[in-house]
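First the structure, in the form of structure tokens, and then the observations on it.
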2 protein chains.
Amino acid sequence: MSGTHTGVPSVLEHELPHPVPADELAACPVEDVFRRVGDKWSTLLMILLGNRPHRYNELHRAIDGISQRMLTRTLRGLEADGLVRREVHPTVPPSVEYSLTPLGRTLLEPLSALADWAVLHEAEINEARSRHADAQRR
Amino acid sequence: MSGTHTGVPSVLEHELPHPVPADELAACPVEDVFRRVGDKWSTLLMILLGNRPHRYNELHRAIDGISQRMLTRTLRGLEADGLVRREVHPTVPPSVEYSLTPLGRTLLEPLSALADWAVLHEAEINEARSRHADAQRR
DNA sequence: CCGTATCCGATTTGATACTG
DNA sequence: CAGTATCAAATCGGATACGG
């Protein structure tokens, strides 16, 4: 292969067919995961639950700005994919505990790698944006 | 720290403030990057450009299903963040070459890690979804 | 060849009110 | 406490037509 970044083998390293059938990385699991990473609350919730289990209102108070609707929706989505476990304790009043599943924990690692990249290269990105804004202004 | 996944140090490993000020991981660079990963075409474009530089219509033909509008918009966004370089060759007819910048190349690695995770755990996710769909049906 | 402009439907997110 | 229901706003993405 020509000039790829490191040489790390990866599913992304294989030469892609042309044209890409709009499936190869679309209906395949990669897009699902990428989409989840991109949505507004999923990763933040996973990070909080990675620290320790939380109850519903605890998450609601912890996040500042999330609506009940989105909190519930996001948790349900994570639960459906097996990343988060929801445990209902039949007490009065009811208490519901959310936690990461083992599968969810394994996702934290690549997520952290991506977050670390973002922090590490923040300055470069901001400089590029400044240059681009300057170039646009004329 | 209690029961985190591996022990890898990461920006995500630090205990978060409660409540999260809606900035800590929101206006900070992490959300920008996560959003980009989640959008429909950015990563696919970066993968193609990671193989080799491409011209505009070459990308358009390569991707199958992308509109000119989104191709242009996505490339411009990647360019603004310094991930992709756009070189115009003043020939007739004009030719424009897109390629990854060095910064863009460094992003391929965490992206690949995430994609590999998705492929590796595809079965588990699908099983979780089946179970969840079953549980919902009653 | 390499785009831009315009319009429109689909999806995402939030605000608000209400409930077992 | 832990949600649901409903409505509205914002954003995303695609189709089509046109331009340098």
query = Quick one: on DNA chain D, does A/P94 or A/T72 contact a more 5' nucleotide (nearest heavy atom)?
reply = A/P94
key: Distance, rounded to the nearest Å, where A/I66 contributes CD1 and D/dG3 contributes P   = 13 Å
ask   = Looking at D/dA2, C/dG3, C/dG14, which one has an atom nearest to any side-chain atom of A/V96?
value = D/dA2
Strand contacts (DNA chain D) in residues 83-93 of chain A, 4.0 angstrom heavy-atom criterion = A/R86, A/P93
inquiry  = Between A/R129 and B/D32, does any NZ, NE, NH1 or NH2 come within less than 4.0 Å of an OD or OE carboxylate oxygen?
reply    = yes
key: Whether over 12 other heavy atoms sit under 6.0 Å from A/R73 CZ   = no
inquiry  = Is the phosphate of C/dT11 approached by B/K40 (side-chain N or O, under 4.0 Å from OP1 or OP2)?
reply    = no
note = Comparing B/E97 with A/W41, nearest DNA chain C nucleotide closer to 5' gives the residue B/E97
message = With side-chain contact (heavy atoms from CB on, under 4.5 Å) as the criterion, how do B/W41 and B/L44 come out once you've worked through the C-alpha distance, each side chain's angles and the decisive distance to 0.1 Å?
response = CA-CA 5 Å; B/W41 305 111; B/L44 180 51; 4.2 Å; yes
key: Worked verdict on A/L49 versus A/S99 for side-chain contact (heavy atoms from CB on, under 4.5 Å)   = CA-CA 5 Å; A/L49 296 179; A/S99 55; 5.8 Å; no
message = Using whole Å, what does the distance between atom P of nucleotide D/dG3 and atom NE2 of A/H60 come to?
response = 12 Å
inquiry  = Counting distance alone, no hydrogens or angles: does the base of C/dT13 have a donor or acceptor under 3.5 Å from a partner atom on the side chain of A/R69?
reply    = yes
message = For a quick test of reading the model: is some side-chain N or O of B/R76 closer than 4.0 Å to OP1 or OP2 of C/dG3?
response = yes
key: Intermediate values then yes/no, side-chain contact (heavy atoms from CB on, under 4.5 Å), B/L100 and B/L107   = CA-CA 10 Å; B/L100 282 191; B/L107 180 52; over 6 Å; no
ask   = Closer than 4.0 Å, any side-chain N/O of B/Y98 to the OP1 or OP2 of C/dC1?
value = no
Length of the CD-C1' vector between A/Q68 and C/dC18, whole Å = 11 Å
key: Chi angles and distances behind the side chain to side chain donor-acceptor pair (under 3.5 Å) call for B/S95, B/Y56   = CA-CA 8 Å; B/S95 101; B/Y56 180 88; over 6 Å; no
ask   = Please give, in whole Å, the distance from C/dT4 C1' to B/L75 CG?
value = 15 Å
key: pair B/E97-B/H54: side-chain heavy atoms closer than 4.5 Å   = no
ask   = What integer distance in Å separates A/E58:CD from D/dA2:P?
value = 9 Å
request  = Nearest whole angstrom, please: distance from the C1' of D/dG3 to the CG of A/L71.
outcome  = 10 Å
ask   = Has B/R55 got a side-chain N or O lying under 4.0 Å from the OP1 or OP2 atom of C/dC2?
value = yes
Length of the CE-P vector between A/M70 and D/dT11, whole Å = 15 Å
query = Which whole-number value in Å describes the distance from A/H54 NE2 to D/dG3 C1'?
reply = 18 Å
